[in-house]
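Notes for the one structure printed next.
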Amino acid sequence: MNEVPVIAIDGPTASGKGTVAQRVAAALGWHYLDSGALYRLVALRALQAGVAADDVAALTRLARSLRPQFDAGRVCLDGRDVTDEIRREDVGALASRIAVHPPLRAALLDLQRGFRCPPGLVADGRDMATVVFPDAGLKVFLTASVEARAGRRHKQLSEKGFPSNIAILLQDLRARDERDSSRSAAPLRPAKDARQLDSSDLSIEQVVAQILRWHGER
Ligand code: C5P
């Protein structure tokens with residue numbers, strides 16, 4: 001049994017879980033796993049290699065041979081910094097389409113569990129609490145209304161100088177929520193013992209403070 005403590009933070013796209021999880025990890029001095037980045041890395045490789053979204057065997061091979069290097073907020077793959085590339089909307093959309101395949105998900109399990117190193121791990125994703133780290137000491141299901149999430153995504157994109165359209169963002173978020181929640185393999189849903197937190201009207205600082213309070217109560 002692995003005794004290293006884990007805080008699992010799951011939730012839908014653009015719920016803010018990435019930022020929140022990184023800050024919680026920094027506050028505790030723990031490691032951080034962005035599991036969505038792994039699905040995005042497989043999607044990027046598939047795009048580069050011309051592998052189709054339904055070619056499960058080829059996608060699973062890509063996932064199995066994935067050796068990303070995470071360092072100081074950057075991610076390198078095959079010797080190249082791909083931090084910005086994997087954030088592209090087309091990469092995210094493909095990640096969500098290929099994440100439905102059970103063999104691909106299984107191929108990423110060991111890689112994800114390998115991040116569990118002392119003194120602790122904060123992991124964010126969709127199935128951190130339900131599948132990857134079911135023994136996590138604290139499980140948080142972070143939600144926000146689809147309108148709040150579209151607004152945040154819009155702000156993020158315009159800060160980076162990318163124009164975006166709220167109506168299209170809303171449509172895309174709804175489609176991704178639907179796909180993530182309705183798939184049969186590891187669907188997005190709160191673990192039975194997860195604490196739910198709706199961040200629609202909360203600042204990042206308030207969400208982080210709440211999670212640290214829950215952690216401190218344990
Ligand atoms: O969180 P992020 O948007 O980066 O994740 C990209 C896609 O990867 C999600 O839309 C989801 O379909 C998939 N994913 C997943 N399980 C995880 C993390 C991400 O299926 N643990």
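Just so you know, ligand 1 is whichever comes first in the structure, and atom 1 is the first atom listed for that ligand. Since the structure is predicted, the reported quantities are computational estimates derived from the model, not experimental observations.
- By the 4.0 Å N-to-carboxylate-O rule, D172 lies too far from R153 to be salt-bridged with it.
- P190 and Q196 get closest at one heavy-atom pair: CG-NE2, 3.4 Å.
- In this structure, the side-chain hydrogen bond (donor to acceptor under 3.5 Å, both in side chains) partners of T83, at least two apart in sequence or on a different chain, are R74, D81.
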Only distances under 3.5 Å count here; give the side-chain donor-acceptor pairs of residues 11-20 to other protein atoms, sequence neighbours excluded, each with its distance to 0.1 Å.
unit_1 : atom_1 : unit_2 : atom_2 : d
T13    : OG1    : R126   : NH2    : 3.1
S15    : OG     : P12    : O      : 2.9

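- The ring pair (Phe, Tyr, Trp, His ring centres under 6.0 Å) search around Y32 returns none, not counting sequence neighbours.
- When every heavy atom of P68 is checked against every heavy atom of L41, the shortest pair comes out as CB-CD1, 3.6 Å.
- Taking a heavy-atom cut-off of under 4.0 Å, ligand 1 is surrounded by K17, S35, G36, Y39, R40, R87, A95, S96, A99, R105, G125, R126, D127, M128, R176, D180, R183.
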